[in-house]
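Keep in mind the model is a prediction, meaning the values are calculated, not measured.
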Amino acid sequence: MERTHGVGSAAMMIVMQPEVVSGLIGFGGALVGGAASLGGVWLTLSHQRKLAHEARLAEVGQEAADKALNELITLGEFLESVRGEVAASAPMRAPST
């Protein structure tokens, strides 16, 4: 019965073969590269989502401003018509002294 001083023969084979070490390093690099790629996609999507939200808020604000302006114009036209009717129907007053 031969002993290998506490190291199994499978462990010695993995340590001994540079192709396996090279493959593990390549796999680790691929994992790091994939994680970096996913991180970049996540950052891009979150930035685009923020820009789309800001654009939507600006659009809603512009619609509200346009509606308010139209209401003011309509109210102004109504007040002009009422002012003309009130002036035409008001009796002439003599200036008080």
When you look at Arg83 and Glu80, which way does the side chain to side chain contact (heavy atoms under 4.5 Å, CB included) test go after all the steps? CA-CA 5 Å; Arg83 184 187 313 174; Glu80 285 295 322; 3.5 Å; yes

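Leu75 and Val82 fall within the same hydrophobic cluster, defined by Ile, Leu, Val, Met, Phe, Trp and Tyr side-chain heavy atoms under 4.5 Å apart, directly or through other members.
A distance of 12.5 Å separates NZ of Lys67 from CG of Leu72, quoted to the nearest 0.5 Å. We find the CG-OG1 distance between Leu79 and Thr74 to be 11.0 Å, quoted to the nearest 0.5 Å.
Using a 4.5 Å heavy-atom cutoff, the side chains of Glu59 and Arg56 are in contact. No side-chain heavy atom of Leu43 sits under 4.5 Å from any side-chain heavy atom of His47.
Side chain of Thr44 to backbone of Gly40: a donor-acceptor contact under 3.5 angstrom is found. Panel note: side chain Ser46, backbone Trp42; a donor-acceptor pair is recorded below 3.5 Å.
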